[in-house]
Protein chains: 2
Amino acid sequence: MILDAALAQASESGFESLTIGTLAARTGLSKSGLFAHFGSREELQIAAIDRAANLFAETVFAPALQARRGLPRVRAIFEHWLQWTDDSGLAYGCPLHAAAIEFDDKPGPIREHLVAHFDRLQRNLERALTLAIEEGQLPVGTDAAQLAFEALGIVFAYYHSTRLLRRADAATRARTAFDRLLSAAGTAA
Amino acid sequence: MILDAALAQASESGFESLTIGTLAARTGLSKSGLFAHFGSREELQIAAIDRAANLFAETVFAPALQARRGLPRVRAIFEHWLQWTDDSGLAYGCPLHAAAIEFDDKPGPIREHLVAHFDRLQRNLERALTLAIEEGQLPVGTDAAQLAFEALGIVFAYYHSTRLLRRADAATRARTAFDRLLSAAGTAA
DNA sequence: TTACTTTACGAACGGTCGTGCTATTTGTCA
DNA sequence: TGACAAATAGCACGACCGTTCGTAAAGTAA
């Protein structure tokens with residue numbers, strides 16, 4: 001319950017706003033009562049990030065395993081990725097993305113947990129793409145890591161367009177970009 | 001001088017860390033002496049964002065005007081974009097990108113200034129791409145707004161890869177992605 | 001019921017936050 | 001030189017920060 005509230009707070013206003021006081025008020029606990037569960041603010045933030053990362057894996061990758069391996073699964077991952085914050089009740093944006101920018105120059109365990117999450121994300125995406133190559137749906141020699149890099153960029157542009165600019169066509173633009181990415185890869189040398 | 005220090009602070013640790021106290025310490029002024037220049041913390045943050053936006057325009061778009069209109073100019077914009085934080089002495093990341101994520105769900109003048117900056121960025125990019133279409137270097141009917149959306153994504157993925165993940169090949173991946181984007185657009189129906 | 005652990009609370013600490021006052025210094029122009 | 005404006009400093013305020021400590025309630029096992 002505490003971590004759910006922590007993720008909601010981080011989604012709304014970033015990890016900087018994830019303080020003992022605000023979270024105590026949000027959960028109805030006292031500051032010291034809440035504090036005792038974690039021992040430090042940093043431990044609280046780490047727990048929240050790990051929970052977000054697990055939620056991401058359950059919401060994006062796990063259901064995509066039911067799609068056929070290869071491009072159908074790759075597309076399922078992408079589609080769940082676009083919608084995962086809504087599906088998870090994080091109505092105000094991806095807390096992991098926000099944290100990645102807040103902590104990208106602050107060494108410490110929080111940063112390391114974030115790096116681990118995004119490394120895992122990259123690896124899982126590459127694996128799904130590699131299966132598409134093995135299935136013959138993408139040319140042999142396709143650079144799966146490059147495709148994963150570009151897919152990440154499309155999702156970030158989608159976040160930016162929908163959250164900051166409030167563009168209604170953000171999802172359409174993202175899907176168009178992803179289709180072009182896959183079809184360009186499909187027709188490469 | 002104050003605003004230079006403010007941008008350096010925002011680049012290092014985000015706009016949340018741009019407080020009166022830290023900026024006073026960084027500049028050598030007293031808190032109240034610094035405060036008098038702006039009247040409120042929000043005015044300080046707005047001034048810093050406007051300065052960053054001007055710096056961005058001067059560093060990315062202004063020099064690209066010396067490249068020939070069309071694709072050479074588009075490529076010049078992209079190349080300066082990748083390097084603009086280094087060129088501007090903001091060694092720890094783009095403060096406008098960080099601010100966009102911190103404030104994307106906080107209505108107010110700060111958010112509006114950020115939206116104005118990214119709208120301007122999008123328009124300028126579209127204009128350069130439209131010139132490339134007029135020059136016959138991209139097919140008639142090319143969706144310049146879509147290309148600008150995807151270019152933004154590539155830059156965001158580059159930021160992520162170089163700053164959080166510390167990947168040495170981030171710039172190479174970004175250039176590969178941009179080349180593929182332009183060539184795919186060039187061979188479209 | 002008794003002993004013990006878990007969980008939560010209230011109060012307090014030193015510190016920083018933004019902001020408002022009142023001086024005091026600095027610069028400018030007559 | 002003197003008057004006046006701009007810039008800066010010093011100090012205090014209420015609020016919130018993370019954290020610690022002592023204590024009371026709740027749950028658990030004997």
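The sequence lines fix the lettering, A, B, ..., with proteins before strands; numbering per chain opens at 1.
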Chemist: Looking at residues 18-33 of chain B, who's got a heavy atom less than 4.0 Å off DNA chain C?
Modeler: B:Thr19, B:Ile20, B:Gly21, B:Thr22, B:Lys31, B:Ser32

Chemist: List for me each residue that meets salt bridge (charged side-chain N to carboxylate O under 4.0 Å, His left out) alongside B:Arg127, sequence neighbours excluded, and say none if there are none.
Modeler: none

Chemist: Can you check the A:Phe35 CZ to D:dT23 P distance for me, whole Å?
Modeler: 19 Å

Chemist: With clusters built from Ile, Leu, Val, Met, Phe, Trp and Tyr whose side-chain heavy atoms come within less than 4.5 Å, directly or transitively, what are the remaining members of the cluster of A:Ile101, listed by chain and number?
Modeler: B:Ile101

Chemist: Apply the hydrophobic cluster definition, ILVMFWY joined by side-chain contacts under 4.5 Å directly or through others, and give me every member besides A:Tyr92.
Modeler: none

Chemist: Roughly how many Å is it from CG in B:Leu34 to P in C:dG20, rounded to a whole number?
Modeler: 15 Å

Chemist: Sub-3.5 Å donor-acceptor pair from the side chain of A:Arg167 to the main-chain atoms of A:Ser161, do we have one?
Modeler: no

Chemist: Which side-chain N or O atoms in residues 26-34 of chain A pair as donor and acceptor under 3.5 Å with protein atoms at least two apart or in another chain?
Modeler:
residue : atom : partner : partner atom : Å
A:Arg26 : NE   : A:Gln9  : OE1          : 3.2
A:Arg26 : NH2  : A:Gln9  : OE1          : 3.1
A:Arg26 : NH2  : A:Glu12 : OE1          : 3.1
A:Arg26 : NH2  : A:Glu12 : OE2          : 3.2
A:Thr27 : OG1  : A:Leu23 : O            : 2.9
A:Thr27 : OG1  : A:Ala24 : O            : 3.2
A:Thr27 : OG1  : A:Leu29 : N            : 3.4
A:Ser30 : OG   : A:Gly33 : N            : 3.0

Chemist: Kindly assign one of parallel, tilted or perpendicular to the pair A:Phe78 and A:Phe178, based on the angle between their ring planes and the thresholds 30° and 60°.
Modeler: parallel

Chemist: Same cluster for B:Phe156 and B:Leu165 if Ile/Leu/Val/Met/Phe/Trp/Tyr side chains link at under 4.5 Å?
Modeler: yes

Chemist: Do the side-chain N and O atoms of A:Thr19 and A:Thr22 include a donor-acceptor pair separated by under 3.5 angstrom?
Modeler: yes

Chemist: Contacts to DNA chain D from residues 36-52 of chain B, heavy-atom cutoff under 4.0 Å, which residues?
Modeler: B:Ala36, B:His37

